2 protein chains.
Amino acid sequence: MDTNEQIERALREVGLRVTRPRVAVLAAVAAHPHADAGTVLAVVREGLPEVSHQAVYDSLHTLADAGVVRCIQPTGATARYETRVGDNHHHVVCRKCGDIADVDCAVGEAACLTASHDHGFTIDEAEVTYWGLCPRCSAARSEP
Amino acid sequence: MDTNEQIERALREVGLRVTRPRVAVLAAVAAHPHADAGTVLAVVREGLPEVSHQAVYDSLHTLADAGVVRCIQPTGATARYETRVGDNHHHVVCRKCGDIADVDCAVGEAACLTASHDHGFTIDEAEVTYWGLCPRCSAARSEP
DNA sequence: CTCTTCTTTTGACTGATTCAAGAAAAGGAG
DNA sequence: CTCCTTTTCTTGAATCAGTCAAAAGAAGAG
């Protein structure tokens with residue numbers, strides 16, 4: 001579990017000022033991986049009721065730009081954030097309940113960037129989203 | 001190019017009623033792959049000025065549910081639609097201009113579904129989004 | 001401690017998408 | 001061909017995520 005001190009250090013390391021909203025946002029994202037902006041806002045306000053939604057959005061963007069958090073947005077859902085960055089992992093999304101879980105890159109880093117230069121595009125990242133059913137929804141469907 | 005007759009047949013095949021808005025929407029998506037809802041609406045109205053935006057949204061949803069069109073939504077962009085379905089292809093998205101192009105599955109079908117059952121999820125589809133620069137933006141960056 | 005600069009607050013606003021109720025049209029039965 | 005039922009469309013308002021802008025407020029350098 002990240003302590004506030006660790007969070008502050010992480011912010012300073014990327015050259016960001018340490019402010020209450022930012023610390024709270026980063027802590028919230030760390031504690032609730034794959035949370036959307038609304039959830040982050042709610043969680044942040046639990047410990048810091050006065051923050052504006054604007055500050056939360058701004059913090060999320062700033063942190064995402066700095067590479068401290070990552071923003072993902074599967075089809076049909078609002079933006080979600082997570083603190084696990086830089087390790088090329090992907091996501092499984094439940095078609096039924098929208099639950100998201102992390103999946104380590106299964107086919108190796110090389111394969112993830114295959115298809116480079118198709119159509120002349122210069123590709124620098126491959127994002128993989130697996131779609132299916134989470135254990136709970138899967139069980140609910142097979143035993144109605 | 002899809003004729004209206006082909007479009008009507010496609011609608012009937014999946015058990016949908018054939019209506020003017022639906023035919024127009026399907027034709028528009030076929031003619032403009034990767035168009036967003038707003039563009040589809042504009043294109044549809046070129047030939048059918050009276051349609052409501054609601055009808056277009058509804059048609060897109062219905063067609064997507066029926067599997068006639070596919071909806072994709074890369075991070076940071078609005079929903080986009082295409083008629084190419086059922087062939088497991090993926091997309092390259094330009095980081096700069098947002099342009100989207102199709103990419104055939106590069107690593108073979110098997111690899112695309114590797115990672116099955118991680119976290120107990122039952123995975124039925126893998127969606128891959130490649131991020132990079134399109135030829136135009138790539139050229140603009142290297143020769144300023 | 002003071003100043004400059006970056007952040008937050010506040011509050012209004014945009015643009016995409018959805019909700020709801022009645023009117024209209026599609027397709028099957030007679 | 002006409003009527004009837006059901007689905008679909010229109011209209012108009014509402015919601016929701018996210019953004020813009022100006023002024024007030026903190027963080028950190030010197």
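Given the structure is predicted, the values throughout are model-derived calculations rather than measurements. Here is the naming used below: chain letters follow the sequence lines, and residue numbers restart at 1 for every chain.
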Results of side-chain contact (heavy atoms from CB on, under 4.5 Å) for Cys71(B) - residues two or more places apart only: Thr75(A), Ala79(B), Tyr81(B)

Any residue meeting side-chain contact (heavy atoms from CB on, under 4.5 Å) with Leu16(A), in chain and number order, not counting sequence neighbours: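 In terms of side-chain contact (heavy atoms from CB on, under 4.5 Å), with neighbours along the sequence ignored, Leu16(A) is linked to Leu11(A), Val14(A), Arg22(A), Thr62(A), Leu63(A), Ala66(A).
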
Summary of ring pair (Phe, Tyr, Trp, His ring centres under 6.0 Å) pairs that have at least one residue in residues 8-33 of chain B, sequence neighbours excluded: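 Counting only pairs at least two positions apart or across chains, no ring pair (Phe, Tyr, Trp, His ring centres under 6.0 Å) contact touches residues 8-33 of chain B.
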
Going by ring pair (Phe, Tyr, Trp, His ring centres under 6.0 Å), name the pairs with one or both residues in residues 3-22 of chain A, residues two or more places apart or in two chains. none

Between Gln73(A) and Gln73(B), is a side-chain contact (heavy atoms from CB on, under 4.5 Å) present by the stated rule, with each step listed? CA-CA 8 Å; Gln73(A) 183 172 20; Gln73(B) 182 171 21; 3.9 Å; yes

Could you give the CG-to-C1' distance, from Leu63(B) to dC9(D), as a whole number of Å? 14 Å

Take the protein atom CZ of Arg12(B) and the nucleotide atom C1' of dT7(D), then report the distance between them rounded to whole Å. 14 Å

For nucleotides 16-22 of chain D, 5' to 3', base contacts (B), sugar-phosphate-only contacts (S) and non-contacts (-) with protein non-hydrogen atoms under 4.0 Å give -SBBB--

Flag yes if Leu48(A) and Leu41(A) sit in one hydrophobic cluster, no otherwise; membership is Ile, Leu, Val, Met, Phe, Trp, Tyr, and two members link when side-chain heavy atoms are under 4.5 Å apart. yes

Do Val103(A) and Val128(A) have side chains that get closer than 4.5 Å, going by heavy atoms?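 Sidechains of Val128(A) and Val103(A): no contact.
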
Please enumerate all residues that pass side chain to side chain donor-acceptor pair (under 3.5 Å) together with Asp36(A), with sequence neighbours excluded. Thr39(A)

Output all residues satisfying side chain to side chain donor-acceptor pair (under 3.5 Å) with Glu82(A), sequence neighbours left out; order by chain, then residue number. His34(A), His89(A), His91(A)

According to the salt bridge (charged side-chain N to carboxylate O under 4.0 Å, His left out) rule, which pairs have a member within residues 9-20 of chain A, sequence neighbours left out? Glu8(A)-Arg12(A)

In degrees rounded to 10°, what angle is found between the helical axes fit to the five outermost pairs at each end of the helix from dC1(C)-dG30(D) to dG30(C)-dC1(D)? 40°

Not counting sequence neighbours, list each pair that qualifies as a side chain to side chain donor-acceptor pair (under 3.5 Å) and has a residue in residues 41-53 of chain B. none

Considering only heavy atoms of chain B and a distance under 4.0 Å, specify the first and last nucleotide of DNA chain C in 5' to 3' order that meet this criterion.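 Contact boundaries, 5' end first: dA16(C) to dG27(C).
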
Among Ser138(A), Cys137(A), Pro135(A), find the one that has a side chain to side chain contact (heavy atoms under 4.5 Å, CB included) with Cys94(A). Cys137(A)

Is any NZ, NE, NH1 or NH2 atom of the basic residue among Asp99(A) and Arg136(A) found under 4.0 Å from an Asp or Glu carboxylate oxygen of the other? no

Which residues in residues 16-25 of chain B have at least one heavy atom lying under 4.0 Å from any atom of DNA chain D? Arg17(B), Thr19(B), Pro21(B), Arg22(B)

